[in-house]
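Order of appearance sets the numbers: ligands from 1, and atoms from 1 within every ligand. Note: hydrogens, waters and symmetry copies are ignored here, and every other heavy atom, side chains too, is used.
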Amino acid sequence: MSAPSSAIQSTLVENRVFPPSEETMQGARISGMPAYEALCAEAAQDFEGYWARLARENLIWDKPFTRTLDESNAPFYRWFDDGELNASANCLDRHIGTPTENKTAIIFEADDGSVTKVTYKELLERVSQFANGLKAHGIVKGDRVLIYMPMTIEGVIAMQACARIGATHSVVFGGFSAKAVHERILDVGAVAVITANYQMRGGKELPLKAIIDDALSGGDCVNVRNVFVFERSKSPCAMVAGRDKTFTEMMAGQSSECAPEIVGAEHPLFILYTSGSTGKPKGVQHSTAGYLMWAKQTMEWSFDIRDTDVFWCTADIGWITGHTYVAYGPLAAGATQIIFEGIPTYPNAGRFWQMIERHKCSVFYTAPTAIRSLIKAAEADAAVHPDRSDLTSLRILGSVGEPINPEAWMWYYKNIGGERCPVVDTFWQTENGGHVITPLPGATPLVPGSCTLPLPGIIAQVVDETGAEMPNGDGGILVIKRPWPSMIRTIWGDPERFKKSYFPEELGGTVYLAGDGAVRSADRGYFRITGRIDDVLNVSGHRMGTMEIESALVAKTDLVAEAAVVGRPDDVTGEAICAFVVLKRSRPTGEEAKQIAKELRDWVAKEIGPIAKPKEIRFGDNLPKTRSGKIMRRLLRSIAKGEKITQDISTLENPAILDQLSESN
Ligand code: WT7
């Protein structure tokens, strides 16, 4: 474990505290701190009883559970494990026969601005028909299905339909390359792929199906029997006879009724790949009951979601945020939500604000990166400033994915929330399933830049390397001492790696290690996340392993001898990827360096995806190494930041290299 990585340096010291207004407290699910504290006390007094109560209240069980938590094989915890249910029934069927059945479930705004709406009843019919189509193609409970879809209603339908028949989905973000998709198809053992012919983003039509064809072209994906293709565009795309079917073909003649497949509470609802500090991406496996319970409960607690709300989470379904707060949570909670296909800057950088006005959005949830880039855009062009839009429908704002710097927090609070709306800075991770540390809009006094306090039942602490709790005010590592229902169950196919990554022996083997540094404030005990303690970068709220990018670079064997990747602070993206490269030929300079850097960037985009492209590439004759040949990354981090080297370099074998790497090529 190394020092916390470089988060954005804040220049604004914001000591103000923003208590909840009377208005937000009024009728809030958790209203006032005593209500929050009462829930924490309930969890402290009867941990299992507390979680059992939530699981009974939030979910509809086909077979009620009698066992709450099984710790006999820790850290492979099992929750509610003799209970049975279906996730899709808990998102859709539960609303049938209630006033919610005719409520709008999804307001879809396409890239070109056209709007489509579906009610809960219509969504259930479409999910059912799709589920029947999957069944007709031999997909059964326990099968894995890879989903590579644009942000559309159909993406959510595909996920819900898998859940309905008990198939485990694995969604891959549409920005990942054919190679990345190929690796995931093999690792997860997918029997089918669900995709679209094209995706529409920023006025452009981008191929998706062609990438799947490429991913499947090696001939080693023998398990994939079918590719189902959503006809997003009228433009043609190649179809492989026997294997590929359009959605229309796949659903032809299928009934719009489909009895949900009842599964055990621990049945894997999905596997979602995320980057770790070493090795290839990890398939994070989530459960059905524990996961879904928390998705719904956090909708109600962190966002205080109400029947009249219009909720909008801007995350893509390819990330965990789009799973929990687009595909599952809002539906389980019976909310109306907005799904947006496009990008925040098309046709102009006022799109988010115009959409909030157009659809009367009341709860808005986005990432600090988006906020920071839209601040820049608004400052540069008054026509896209949020003050041009009527944002008075908003009542709660959320932030997720990376630390939000106090400057961005204040701008969001003032310019978007009109100083009326609480900003909930929700801390969590792919592995957590749902929020773990977050303010509650009707209870928690807010401090800009702090995710404040753990949700009731989440036993978070800041500890040192031996697991001893740090006093408030002192930085340490973030852990969660007790299991919770929506936590990761294992890494697909690699239980040993699961144990090693998240439950290290040094901490006793049963304490969850988040991988972030944190510090609690001296006065309130509020948590502030200081950044990753491993070699994971957070670029625009996307998690990237430095090792993954290094492996991609050295895979360009004709050119690259060695590569080291570090993060450096970036005003907009939080962190930026900086690569130090030693070529097999002499060190290039000037135009030639620029050209090779471009070639390497394109190569990384092909190997992993455009999101992994290094922002900066520096060439050296060598890398700074110790006498035993270990790359000294802390020195590279300083160079990337443009800092003068003040660290001890006595163990450095080749000090002259520092000057060379510090010069720009
Ligand atoms: C990492 C997890 C599930 C959220 C989407 C990203 C960072 C996330 C915050 C926050 C400070 C945050 C952490 C974490 N992170 N939210 N509110 N404040 N840092 O999920 O891709 O699994 O990344 O994102 O470093 O470990 P992810």
### Task
Apply salt bridge (Lys or Arg N to Asp or Glu O under 4.0 Å) to R351 and list each qualifying residue two or more places apart in sequence or on a separate chain.
E109
#### Entry: Backbone N/O of F173 and side chain of W319: donor-acceptor pair under 3.5 Å
no
### Summary
When every non-hydrogen atom of T438 is compared with those of S302, the smallest separation belongs to CG2-OG, 3.6 Å
### Query
Do the ring planes of F270 and H286 sit parallel (below 30°), tilted (30 to 60°) or perpendicular (above 60°)?
tilted
### Message
Strictly under 4.0 angstrom, heavy-atom based: which residues surround ligand 1?
### Response
I320, T321, V400, G401, E402, P403, D425, T426, F427, W428, Q429, T430, D516, I529, R532, N538, R543
## Note on the structure
Across all chains, not counting sequence neighbours, the side chain to side chain contact (heavy atoms under 4.5 Å, CB included) partners of I459 are F47, K481, R482
### Query
Which pairs with one or both residues in residues 408-434 pass salt bridge (charged side-chain N to carboxylate O under 4.0 Å, His left out), sequence neighbours excluded?
E431-R543
